[in-house]
Amino acid sequence: MRNLLPLISSHPGGRSSLTCRFRCGDACFKETPNTSDNEYAGDIIARAVSRRSMMRAAAVVTVAAAAGTAALTGPNAPQAEAVALAGHGHEPPHKPALSGARGLRFSPVAPNKNDKVTIPDGYSQNVVIRWGEPILRGAPAFNPDKQSAKAQAGQFGYNNDFLSLLPLRGERGRQVLVANHEYTDEILMFRGYDPANPTREQVEIAWAAHGLSVVVVQEEHRTGKLGPVSRHPLNRRLTATSEFRVTGPAAGSDLLRTSADRTGSRVLGTLNNCAGGTTPWGTTLHGEENFNQYFANGNTAEHKRYGIGTGATERKWERFDRRFDLAKEPNEANRFGWVVELDPYDPDSTPRKRTALGRFKHEAAQPRLTSDGRPVVYMGDDEKFDYLYKFVSSKRMKKGTSRAAREHNLTLLDEGTLYVAKLTGDSPAAEIDGTGKLPTDGEFDGSGVWIPLATGTTSHVPGMTADEVYVYTRLAGDKVGATKMDRPEDVEPSPRTGRVYVALTNNSDRGKEGKAGADEANPRNANKHGQILELAENWDDPAGDGFAWRLFLVAGDPNDPATYFSGFPKESVSPISCPDNVAFDDHGNLWISTDGNQLGSHDGLFGVATHGDRRGELKQFLTVPTGAETCGPVIQDRRVLVAVQHPGEVDGASVEKPASIWPDGPGKIVRPSVVAVWRKDGRDIGV
């Protein structure tokens, strides 16, 4: 029997402590914000609805399957040709492993610790754009020793995360790239940085490095290489000091008013934008995630539920702007934690914070349409033991690109119903023992309900007004008994099947004393590697209130009995740990980027088949450099884009003592960047 792959860190999630400090404010080392006494799925099962009644519930989606919808079915056991992996205990193949599901026919990259972006044989890559490259007219070339807030406001921001590539009509070979800039790591940005005493200049540069970038990119003829078109009229930077509108049912609420904005409708800035989504009407959505870390002196139960500390912050912004001091502006934090909608085709438009989608640590927001054209947005709250949500609009999308259609579609996310998920397993509680061992029915699966929280100005939560539901959505989920999950991050519906895939990154606190134990949806205690849940709405109706679910993938070393790959032979898959962002290709394969790999390798990007006789076949496409995280995958027919976030973010690293020399080599400052990968022969990826 082969040995398990080595663990590389005892730190939660495999991140460096430097990443935890600057990305999420050391959330893993603080009290879990969710202290509600919600029932865990394991408790529900133990009390349970009988297995017979559960089978009747599952029969609803089985009938739906007969009607040609995307209901869940049992695991397959494909007789697939093995795709052996080289290195780390896997036997090398005799020939390049080019078999596989369509779209995944490439030689998988072996686990490694290379300080570069490692890609399959037969592929090429280029750095599309780096932190600090000028994109606006008048912005200077990047000079790490002469940074300024004015320069940074015209340059590509720091720590790129979510990416979207949109078509650009009338300009051949060009597309519009939209990027989130999640957070700044001042230790890796400024020489001689003193965390206890940042300067105003450093703080203002950091404000300008947060936010969003819109930049037109040009492809090189006959390759997949992309490069920025500087000073294009659509190019744009939005920062921590740009103006944003607050829209939807909570706009104008007393809970959103401050001394600087007595209307509760205008906010300066967007913070900690993690993943996002691209709408069918041509806008982009951006999730404000770990916003709590920017605010000092929290002093209410609501602040605590959102993880806001009672003292000073890491970056000390409160010294330079009173809005970051909650002792002076107690409502300012309520103006962050939303989904932001941006129209990248209108550089003069004001982005909007959509209150109807609720306020929490939004990892992402990806819409699909109902049969009558109403958008449904699925969302995860990226915190241990927090919840899975969806929003169902009450308005139908108008087709076309006319001014009237665009104006109408920019109101779609302001009216509708916000829901939170409650999941129930269908196996006896005794079979879910925390080890990840499959129950006797061969799957972790069950059913669930969407519990309504609010519709417009009507609250469905006893004891809470509609404004309170939208602003304190976590507390609303607590009150209605939502299911505590293992850090629900990116949530994506498949454009081919309608099934919804939820990346649950990890939860090292699962099963600890006083914490929720394993349940069927979160079946491992001390969960270091995470899992991916697959959800099918009853009758394939995204607007419905019920669903079936099962775990599609239980991540970790394939040699570990606790891992699961939808029944695909585990000796034929790549090791994967800590799934984070996800995306689909046109073949229906799910692509997964990782954050915090616990298996002795750098983070990477993986593709996995979701249907057919190779369902569960997972292959690694690339790895990122030392200290980096893989973000924002975009999968096109002939190109893959990834955002290489926080390269060199290793404990003890600094500008003077870099832990990575990527992307520009020795003597150059480490720079988060976007990378494009394509086939050398010009053909489609993985076919």
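Heavy-atom basis, side chains included; hydrogens, waters and symmetry copies ignored. The shown structure was predicted, so the numbers you read here are calculated from the model rather than taken from an experiment.
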From CA spacing to verdict: side chain to side chain contact (heavy atoms under 4.5 Å, CB included), Leu168, His232 = CA-CA 12 Å; Leu168 186 56; His232 190 281; 4.2 Å; yes

Scan side-chain atoms only and decide if Trp281 and Thr283 contain a donor-acceptor pair under the 3.5 Å cut-off.
-> yes

Any residue meeting side-chain hydrogen bond (donor to acceptor under 3.5 Å, both in side chains) with [X], in chain and number order, not counting sequence neighbours:
X: Arg200; answer: Glu204
X: Ser673; answer: none
X: Asp490; answer: none
X: Ser164; answer: Thr278

Is there a donor-acceptor contact under 3.5 Å from the side chain of [X] to the main chain of [Y]?
X: Arg671; Y: Trp131; answer: yes
X: Thr279; Y: Gly282; answer: yes
X: Glu133; Y: Arg130; answer: yes
X: Asn297; Y: Leu326; answer: no
X: Lys316; Y: Glu314; answer: yes
X: Arg323; Y: Leu268; answer: yes
X: Asn235; Y: Val216; answer: yes
X: Arg237; Y: Gln152; answer: yes

SB check [X] [Y] (cutoff 4.0 Å):
X: Glu329; Y: Arg322; value: yes
X: Asp382; Y: Lys361; value: no
X: Glu341; Y: Arg352; value: no
X: Arg359; Y: Glu302; value: no

Under the salt bridge (Lys or Arg N to Asp or Glu O under 4.0 Å) test, which residues partner Arg368, sequence neighbours left out?
-> Asp540

Enter the distance from Leu412:CG to Ser394:OG here, rounded to the nearest 0.5 Å.
-> 9.0 Å

Take Thr313 and Glu318 through the side-chain hydrogen bond (donor to acceptor under 3.5 Å, both in side chains) test and state the conclusion after the steps.
-> CA-CA 8 Å; Thr313 66; Glu318 63 273 18; 2.7 Å; yes

[X]: which residues meet the side-chain contact (heavy atoms from CB on, under 4.5 Å) condition with it, sequence neighbours left out?
X: Ala151; result: Pro140, Ser148, Gln155
X: Ala476; result: Leu453, Val461, Met464, Val469
X: Gln202; result: Phe190, Tyr193, Pro198, Thr199
X: Pro452; result: Thr417, Tyr419, His460

[X] vs [Y] side-chain heavy atoms within contact, under 4.5 Å:
X: Leu234; Y: Pro344; answer: no
X: Glu492; Y: Phe584; answer: yes
X: Asp321; Y: Trp317; answer: no
X: Glu289; Y: Leu271; answer: no
X: Arg474; Y: Asp381; answer: yes

Single hit among Asn180, Thr270, Asn273 for side-chain hydrogen bond (donor to acceptor under 3.5 Å, both in side chains) with Glu288 = Thr270

Answer yes or no: does atom NZ of Lys328 have more than 12 heavy-atom neighbours from other residues, nucleotides or ligands under 6.0 Å?
-> no

Counting only heavy atoms not in Arg396, do more than 12 sit closer than 6.0 Å to its CZ atom?
-> no

Salt bridge (Lys or Arg N to Asp or Glu O under 4.0 Å) contacts in which one or both residues fall within residues 401-421, not counting sequence neighbours | Asp343-Arg406, Arg354-Asp414, Lys395-Glu415, Arg403-Glu407

Among residues two or more places apart or on two chains, list those pairs meeting salt bridge (Lys or Arg N to Asp or Glu O under 4.0 Å) that have a residue in residues 250-270.
-> Glu243-Arg266, Asp254-Arg257, Asp261-Arg335

Would you list the pairs meeting ring-ring contact (aromatic ring centres under 6.0 Å, His included) in which at least one residue belongs to residues 336-369, sequence neighbours left out?
-> Phe295-Phe336, Phe360-His362, Phe360-Tyr389

Take the angle between the ring planes of His286 and Phe162 and call it parallel below 30°, perpendicular above 60°, tilted in between.
-> perpendicular

How are the rings of Tyr294 and His210 set to each other: parallel, tilted or perpendicular (split at 30° and 60°)?
-> perpendicular

